[in-house]
Enquirer: 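Please see the structure below; I have some questions.
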Amino acid sequence: MTRFQCANCNRRHRSGIACPNCGTAARQVQLCRAHGARHVHRCPACRTLARSQSGI
């Protein structure tokens, strides 16, 4: 299952460091494992992920 999406070319991939398609080293958006898309505020898995990343 892919976990990241490049904000530059929108390709999904497993690397959080750089996009293998366009080589962009930044702007890798983590995808929700529950629904496979970018974060949705109503998704409980997304809320847990956002809290773990923010340190709450």
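The chain is numbered in sequence order, starting from 1.
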Enquirer: Rounded to the nearest 0.5 Å, how far apart are CD1 of I17 and OG of S15?
Expert: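 Spacing of CD1 (I17) from OG (S15) equals 5.0 Å.
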Enquirer: Let me see the working for N10 and Q5 under side-chain contact (heavy atoms from CB on, under 4.5 Å), right down to the final yes or no.
Expert: CA-CA 6 Å; N10 290 327; Q5 183 174 7; 3.6 Å; yes
Enquirer: At what distance, to the nearest 0.5 angstrom, does CG of L31 lie from CZ of R14?
Expert: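 Rounded to the nearest 0.5 Å, the CG-CZ separation comes to 11.5 Å.
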Enquirer: Just jot down the side-chain contact (heavy atoms from CB on, under 4.5 Å) partners of T24, sequence neighbours excluded, or say none.
Expert: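 With neighbours one apart ignored, the set is C6, N8, C22, Q28.
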Enquirer: For a quick test of reading the model, state the closest non-hydrogen atom pair linking H13 to P20 and the distance between them.
Expert: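 Reported closest heavy-atom pair: CG-CD, 3.6 Å.
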